[in-house]
Amino acid sequence: MRLDGFGLLVNDMGKMIRFYRDVLGFAIKEAEDTSNVYLVKDGTLFLLYGRNDFENMTSRKYEYVKGLNGHSEIALYVDTFDEVDTAFRDTVSKGATPVLEPTTEPWGQRTCYIADPEGNLIEIGSFGRPFESRA
């Protein structure tokens with residue numbers, strides 16, 4: 001099996017579309033009243049599913065984390081340490097919830113954390129070199 005992508009189950013589709021499109025720059029073309037978003041970001045499938053629609057589709061009820069979600073994270077990469085700092089300031093100024101200000105970790109990564117409107121953690125990090133040579 002190969003990883004195809006990942007999805008987030010969302011309560012307020014309009015708010016989440018605006019965040020991922022306007023704050024993080026994802027190329028979302030769907031209207032804010034859609035039931036799901038399907039797009040490829042940097043070669044990875046990214047989905048936003050309406051929680052109610054997903055429950056109806058699977059004929060089940062689920063319990064969801066409220067507040068900051070410490071169960072998963074989305075990791076975004078930038079090429080330089082300065083870009084980590086800039087991205088943090090820019091996303092917070094546009095409405096992202098700050099979680100961890102930019103910090104250089106002992107393993108050599110500069111990283112920060114924000115949260116989307118529904119509490120999903122998003123890491124923005126860099127090892128100070130282009131994505132293709134980060135390993």
Side-chain angles (χ1 to χ4, degrees):
M1 282 187 263
R2 293 182 45 170
L3 177 64
D4 185 27
F6 66 95
L8 297 175
L9 300 174
V10 304
N11 287 318
D12 186 332
M13 187 63 76
K15 185 183 284 185
M16 294 293 275
I17 285 175
R18 288 188 297 277
F19 179 83
Y20 282 91
R21 182 190 63 212
D22 302 341
V23 175
L24 294 182
F26 285 35
I28 297 174
K29 297 178 177 107
E30 285 86 353
E32 293 179 13
D33 63 350
T34 190
S35 61
N36 64 66
V37 169
Y38 178 104
L39 69 101
V40 175
K41 173 77 172 150
D42 302 324
T44 300
L45 178 63
F46 177 72
L47 303 146
L48 296 176
Y49 286 119
R51 290 180 193 233
N52 291 336
D53 296 327
F54 187 77
E55 287 181 344
N56 289 337
M57 179 181 75
T58 60
S59 301
R60 300 183 72 147
K61 287 288 185 190
Y62 299 90
E63 292 189 32
Y64 301 103
V65 174
K66 302 269 192 239
L68 283 179
N69 176 356
H71 292 274
S72 63
E73 74 167 68
I74 298 170
L76 302 175
Y77 191 86
V78 293
D79 291 337
T80 68
F81 286 3
D82 287 342
E83 288 176 277
V84 173
D85 297 17
T86 300
F88 180 81
R89 285 190 308 270
D90 185 49
T91 57
V92 169
S93 74
K94 292 178 180 176
T97 301
V99 175
L100 175 68
E101 292 197 16
T103 304
T104 302
E105 301 293 352
W107 53 87
Q109 179 186 28
R110 184 132 178 103
T111 190
C112 66
Y113 283 88
I114 59 173
D116 71 20
E118 294 192 7
N120 297 294
L121 290 176
I122 301 165
E123 175 189 24
I124 303 169
S126 178
F127 283 97
R129 56 189 175 273
F131 180 78
E132 294 77 19
S133 64
R134 74 190 183 290

> Please walk me through it: do Q109 and W107 pass side-chain hydrogen bond (donor to acceptor under 3.5 Å, both in side chains)?
Replying inline: CA-CA 6 Å; Q109 179 186 28; W107 53 87; 3.1 Å; yes
>> Between Y113 and E123, does the side chain to side chain contact (heavy atoms under 4.5 Å, CB included) criterion hold? Intermediate values first, please.
In response: CA-CA 5 Å; Y113 283 88; E123 175 189 24; 3.4 Å; yes
> Taking it one step at a time, do E105 and T111 satisfy side chain to side chain contact (heavy atoms under 4.5 Å, CB included)?
Replying inline: CA-CA 7 Å; E105 301 293 352; T111 190; 3.5 Å; yes
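Under the 4.5 Å side-chain heavy-atom criterion for grouping Ile, Leu, Val, Met, Phe, Trp and Tyr, L24 is connected to F6 within one hydrophobic cluster. Both I17 and L8 are part of a single hydrophobic cluster, where members link through side-chain heavy atoms under 4.5 Å apart. Linking Ile, Leu, Val, Met, Phe, Trp and Tyr whenever their side-chain heavy atoms come within less than 4.5 Å puts M57 and L9 in one cluster. Clustering ILVMFWY residues whenever any of their side-chain heavy atoms sit less than 4.5 angstrom apart, transitively, puts L121 in a cluster other than the one holding V92. The hydrophobic clustering, which links ILVMFWY residues whose side-chain heavy atoms are closer than 4.5 Å, places V99 and F19 apart.
Counting only distance, with no hydrogens or angles, the side chain of E118 and the backbone of M16 share no donor-acceptor pair below 3.5 Å. Between the side chain of S126 and the backbone N or O of D79 there is at least one donor-acceptor pair closer than 3.5 Å. Under the 3.5 Å distance criterion, the side-chain polar atoms of S93 are matched with a main-chain donor or acceptor of D90. Side chain of T103 to main chain of E101: a donor-acceptor pair is present (N/O by atom type, distance under 3.5 Å, no hydrogens or angles). Side chain of Y64 to backbone of V10: no donor-acceptor contact under 3.5 angstrom is found.
Rounded to the nearest 0.5 angstrom, L39 CG and E30 CD are separated by 7.0 Å. To the nearest 0.5 angstrom, N52 atom CG is 10.5 Å from M13 atom CE. Taken to the nearest 0.5 Å, the OH atom of Y38 stands 13.0 Å off from the NZ atom of K29. Rounded to the nearest 0.5 angstrom, Y49 OH and E55 CD are separated by 14.0 Å. From L100, atom CG reaches atom CD1 of I124 across 11.0 Å, with rounding to the nearest 0.5 Å. Here the NZ-CG distance, from K66 to N11, works out to 6.0 Å after rounding to the nearest 0.5 Å.
Counting heavy atoms from C-beta outward, D116 and I74 have side chains that stay 4.5 Å or more apart. Using a 4.5 Å heavy-atom cutoff, the side chains of R51 and F54 are not in contact. No side-chain heavy atom of I122 sits less than 4.5 Å from a side-chain heavy atom of V23. For the pair N36 and L47, the minimum side-chain heavy-atom distance is 4.5 Å or more.
Enclosure of atom CZ in F81 by more than 12 non-hydrogen atoms of other residues, nucleotides or ligands within 6.0 angstrom is indicated. The local environment of NZ in K15 is sparse, with at most 12 non-hydrogen atoms from other residues, nucleotides or ligands closer than 6.0 Å.
Nearest approach of F88 to P98, heavy atoms of both residues: CZ-CB, 3.7 Å.
Note: Y20 and F46 have tilted aromatic rings, judged against thresholds of 30 and 60 degrees for the angle between ring planes.
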